[in-house]
Amino acid sequence: MMTLVRDKLLEVVRAVGPFIVVVVVLQLVLVQAPTALFLQFLAGSLLAVVGMLLLFMGIEIGILPMGRFIGAALPREGSLALILAVAFALGFATTVAEPDVLVLSRQIDAASDGVISRLAVLLVIATGLAVFAALAMARIVTGWPMKYALTVAYGLMLALALVAPGTFVPLAFDGGSVTTGILSAPVVIALAIGLSSVLAGRSAVSDGFGLLGFASIGPIIAVLIMEILLS
């Protein structure tokens, strides 16, 4: 356990350390924010380090092993519909809890003065990822090449981007990028690796990866469709 704590702490420090150093340097030589605000920043940074450490450990100890186990257990039921339903449910549940998605949805709500509600953005993004996560699992089961799946998905995405209101197209692409976060990404990848590991003729490397990029197209398409319908 101590080895895991040390390794994850080093990961967290590498992730947030440069940001903290830059802010401290800016405070000392340029911005000179009020002392109370700077101390508040340091306290918040410490809390963020502790929180990220606990989150990374939780993912490593419980979420990843359980995701792989679920993925490996599903084919035993002999039901493609069950595999798709579980992939959809897990994709949706992890996305609505994804910190990056929550932040983006709140910012959109504030920037649009409530015209585009936080809940609507959250549900649309989560549904888009859940649908494409299910499609990604179907691709693993059927053995359909990923390059074809990506070609079709990107073609549809670009076609929708051409007809959607230009003002909100960047929002759609941000909606896709925030789904590759710390919670949804490990769950989707672990589920895919577990699924591909028990299917004959499947490779955990070739079938278990690439689907995250594929699944992140779903929120982009979903937001673009929402924008077209609202325009």
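All of these numbers come straight from a predicted model, not from anything done at the bench.
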Asks: If every non-hydrogen atom of Ala134 is compared with every non-hydrogen atom of Ala87, which pair is closest and at what distance?
Replies: CA-CB, 3.8 Å
Asks: With a 4.5 Å cut-off on side-chain heavy atoms, are Ser45 and Val16 touching?
Replies: no
Asks: Hydrophobic clusters here meaning ILVMFWY residues chained together by side-chain heavy-atom distances under 4.5 Å, can you tell me if Val31 and Leu37 are in one?
Replies: no
Asks: Taking the side chain as everything from C-beta on, heavy atoms only, tell me whether Ile70 gets closer than 4.5 Å to Leu191.
Replies: yes
Asks: When rounded to the nearest 0.5 angstrom, what is the spacing between CG in Leu129 and OG1 in Thr95?
Replies: 4.0 Å
Asks: Keeping Glu98 on the side-chain end and Ser184 on the backbone end, is there a donor-acceptor pair under 3.5 Å?
Replies: yes
Asks: Say whether Leu162 and Leu160 are linked into one hydrophobic cluster, either directly or through other cluster members, by side-chain heavy-atom distances under 4.5 angstrom.
Replies: no
Asks: Might you point out which heavy atoms bring Phe92 and Ala130 nearest each other, and give the distance in Å?
Replies: N-CB, 3.6 Å
Asks: With side chains defined as the heavy atoms from C-beta onward, is the minimum distance between Asp174 and Ile108 less than 4.5 Å?
Replies: no
Asks: Test your reading of the model: is there a side-chain donor-acceptor pair from Arg139 to the backbone of Trp144, 3.5 Å cut-off?
Replies: yes
Asks: From Phe41 CZ over to Gln27 CD, what is the distance, rounded to the nearest 0.5 angstrom?
Replies: 9.5 Å
Asks: Does one hydrophobic cluster hold both Leu47 and Leu39, with members joined at side-chain heavy-atom distances below 4.5 Å?
Replies: no
Asks: Which atom pair, heavy atoms only, marks the closest approach of Ser216 to Gly213?
Replies: OG-O, 2.8 Å
Asks: Please, which pairs that meet salt bridge (Lys or Arg N to Asp or Glu O under 4.0 Å) have at least one residue in residues 38-61, sequence neighbours excluded?
Replies: Lys8-Glu60
Asks: What distance do Leu119 atom CG and Arg106 atom CZ have between them, rounded to the nearest 0.5 Å?
Replies: 13.0 Å
Asks: Side-chain contact, heavy-atom cut-off 4.5 Å: Val152 with Tyr148?
Replies: no
Asks: When rounded to the nearest 0.5 angstrom, what is the spacing between OG1 in Thr127 and CE in Met226?
Replies: 11.0 Å
Asks: Can Asp109 and Val121 be said to form a side-chain contact (heavy atoms from CB on, under 4.5 Å), step by step?
Replies: CA-CA 8 Å; Asp109 186 282; Val121 173; over 6 Å; no
Asks: Looking only at non-hydrogen atoms, find the nearest pair between Thr94 and Gly91 and report the distance.
Replies: OG1-O, 3.2 Å
Asks: For Ala164 versus Glu227, what's the shortest heavy-atom pair and its separation?
Replies: CB-OE1, 4.1 Å
Asks: Stepwise, does the side-chain contact (heavy atoms from CB on, under 4.5 Å) test hold for Leu42 with Leu46?
Replies: CA-CA 6 Å; Leu42 294 178; Leu46 178 60; over 6 Å; no
Asks: Side-chain contact test, heavy atoms from C-beta onward, threshold under 4.5 Å: evaluate it for Phe56 versus Leu9 and give yes or no.
Replies: no
Asks: Write down the atom of Pro186, the atom of Ile59, and the distance for their closest heavy-atom approach.
Replies: CB-CG2, 4.0 Å
Asks: Measure the spacing between CG of Leu84 and CE of Met137 and express it to the nearest 0.5 Å.
Replies: 9.5 Å
Asks: Indicate yes or no: at least one non-hydrogen side-chain atom of Val223 is less than 4.5 angstrom from one of Phe173.
Replies: no
Asks: Same hydrophobic cluster for Leu10 and Met52, using side-chain heavy-atom links shorter than 4.5 Å among ILVMFWY?
Replies: no
Asks: Take Val96 and Leu102 through the test side-chain contact (heavy atoms from CB on, under 4.5 Å) and record every step on the way to the result.
Replies: CA-CA 7 Å; Val96 295; Leu102 295 174; over 6 Å; no
Asks: Are Val29 and Val21 connected into the same hydrophobic cluster when the rule is that any two of I, L, V, M, F, W, Y join if their side-chain heavy atoms are below 4.5 Å apart?
Replies: yes
Asks: Looking at CD1 of Ile221 and CG of Leu156, how far apart are the two atoms once the value is rounded to the nearest 0.5 Å?
Replies: 4.0 Å
